[in-house]
Asker: 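Below you will find the structure I want to go over with you.
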Number of protein chains: 2
Amino acid sequence: MDARQHFSDFLNGKGIRRSTRRNDVLDVFLTCEYHITANQLVELVHKKNPKIGIATVYRTLKLITEAGIARAIEFGDGSVRYEHDFGHEHHDHIVCVRCGMFREISSDEIESEQDAIARKHGFVLLRHKMVLYGVCPVCRRKQENQVNSP
Amino acid sequence: MDARQHFSDFLNGKGIRRSTRRNDVLDVFLTCEYHITANQLVELVHKKNPKIGIATVYRTLKLITEAGIARAIEFGDGSVRYEHDFGHEHHDHIVCVRCGMFREISSDEIESEQDAIARKHGFVLLRHKMVLYGVCPVCRRKQENQVNSP
DNA sequence: TTATCTGCAAAGCCTTTGCACTTAG
DNA sequence: CTAAGTGCAAAGGCTTTGCAGATAA
């Protein structure tokens with residue numbers, strides 16, 4: 001099933017109306033690259049329809065997230081990012097603290113260990129956030145060159 | 001070595017002056033319980049010395065964090081928390097999505113797996129953030145009782 | 001003395017909200 | 001028709017900043 005249909009069903013199920021603007025926001029979100037901030041989405045939406053207000057983008061982003069089409073991620077740099085989460089495998093991220101470049105990562109070992117920890121504390125695990133911070137290969141090389149040069 | 005001494009050394013090393021107010025903020029932070037927000041710290045600091053301004057608390061908190069005495073953690077509820085990070089073992093957190101209760105967790109398996117993943121992507125791992133979200137035993141029981149009652 | 005620190009209030013940033021107008025059903 | 005959706009601008013929460021007066025070295 002496609003994400004637009006899923007969103008439509010989600011809205012129906014909640015007794016929320018569909019609207020042209022909500023669909024526009026969803027379309028732009030689905031077309032654009034992953035890991036977008038609300039602000040960036042607003043700008044892209046405005047290219048399609050400048051009449052859509054910031055509030056609608058934020059409100060729709062919330063709905064899209066509830067519908068399981070977007071997932072909020074935070075790298076800790078002040079603004080929340082949203083990535084596609086419909087028909088995508090779960091993953092986490094590793095971020096370069098120097099240049100901001102990041103990669104998606106995933107590990108069955110970690111996931112099952114997380115489950116075990118939650119169980120040990122009597123929790124039912126629902127979800128998790130994990131972000132690794134380090135220095136990427138490119139920045140590492142730059143750093144080494146600096147150290148080695150006179 | 002004690003945290004106050006370490007802070008003093010840290011400031012000296014950076015050529016930053018020590019001051020009564022900075023020391024007051026550090027003292028209050030060291031005395032208070034873990035996982036405090038900046039706002040909560042401001043209130044506690046005001047009990048000791050009402051003349052200390054918000055800005056100084058924020059500025060000092062930044063220094064304390066740089067010095068490795070505090071560590072910033074985010075549960076994703078809007079404000080950053082700070083916990084003691086001097087002479088403490090590394091740990092992460094599991095948070096109840098219903099009541100907000102949380103526990104500290106740690107796992108060597110996860111840590112070493114994180115290292116492996118970072119290496120696989122050519123990163124040098126510096127640190128990580130991990131928060132598990134779930135339902136705690138108390139809230140689970142409440143939920144079950146609700147379902148079972150007429 | 002003089003560079004740094006600090007309180008205050010203002011501003012910044014991201015996000016949410018109140019309200020009158022618009023639109024879907 | 002009428003309840004829900006929307007733009008606008010204002011406000012909210014948290015944090016940072018500019019500047020004149022205070023303070024450490």
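Owing to the predicted nature of the structure, the values given are computational and were not obtained by experimental measurement.
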Asker: Report the residue (Gly15(B) or Lys51(B)) whose heavy-atom-nearest nucleotide on DNA chain C is the more 5′ of the two.
Answerer: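 Final value for this comparison: Gly15(B).
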Asker: Verify whether the ring centers belonging to His6(A) and Phe86(A) lie closer than 6.0 Å.
Answerer: yes
Asker: Assign the ring pair His121(B) / Phe123(B) to parallel, tilted or perpendicular, where the plane angle (0 to 90°) is split at 30° and 60°.
Answerer: perpendicular
Asker: I need a per-nucleotide contact map over nucleotides 9-25 of chain D, read 5' to 3'. Cutoff is protein heavy atoms under 4.0 Å; write B for the base, S for backbone only, - otherwise.
Answerer: -----SBBBB-----BS
Asker: Whole-Å distance between dG7(C) P and Asn49(B) CG?
Answerer: 8 Å
Asker: Provide, to the nearest angstrom, the distance between the CG atom belonging to Leu61(A) and the C1' atom belonging to dT16(C).
Answerer: 13 Å
Asker: In whole angstrom, what separates Arg22(A)'s CZ from dA4(D)'s P?
Answerer: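 Result: 11 Å.
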Asker: Taking side chain as C-beta onward, heavy atoms only, is Arg4(B) less than 4.5 Å from Asp27(B)?
Answerer: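 Arg4(B) vs Asp27(B): side chains touch.
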Asker: Taking atom P of dC5(C) as reference, at what distance in whole Å does atom CD1 of Ile52(B) sit?
Answerer: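 To the nearest whole Å, that distance equals 15 Å.
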Asker: Would you mind reading off the distance between Asn23(A) atom CG and dG5(D) atom P, rounded to a whole angstrom?
Answerer: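 For the pair Asn23(A) CG and dG5(D) P, the rounded distance is 13 Å.
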Asker: When the distance from CZ of Phe7(A) to P of dG5(D) is rounded to whole Å, what number comes out?
Answerer: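 Distance check: Phe7(A) CZ to dG5(D) P gives 10 Å.
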Asker: Can you check the Leu11(A) CG to dG25(C) C1' distance for me, whole Å?
Answerer: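 Between C1' of dG25(C) and CG of Leu11(A): 14 Å.
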Asker: Output the rounded distance in Å from CG (Leu41(A)) to P (dC14(C)).
Answerer: 14 Å
Asker: Under 6.0 Å between the ring centres of His90(B) and His128(B)?
Answerer: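 Ring-ring flag for His90(B)/His128(B): true, centres closer than 6.0 Å.
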Asker: Under 30°, 30 to 60°, or over 60°: which ring-plane class applies to His84(A) and Phe29(A), parallel, tilted or perpendicular?
Answerer: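 His84(A) vs Phe29(A) ring planes: tilted.
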Asker: Could you name each residue pair satisfying salt bridge (Lys or Arg N to Asp or Glu O under 4.0 Å) that touches residues 104-133 of chain A, not counting sequence neighbours?
Answerer: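 For residues 104-133 of chain A, and leaving out neighbouring residues, the salt bridge (Lys or Arg N to Asp or Glu O under 4.0 Å) pairs sorted by first residue read Glu74(A)-Lys129(A).
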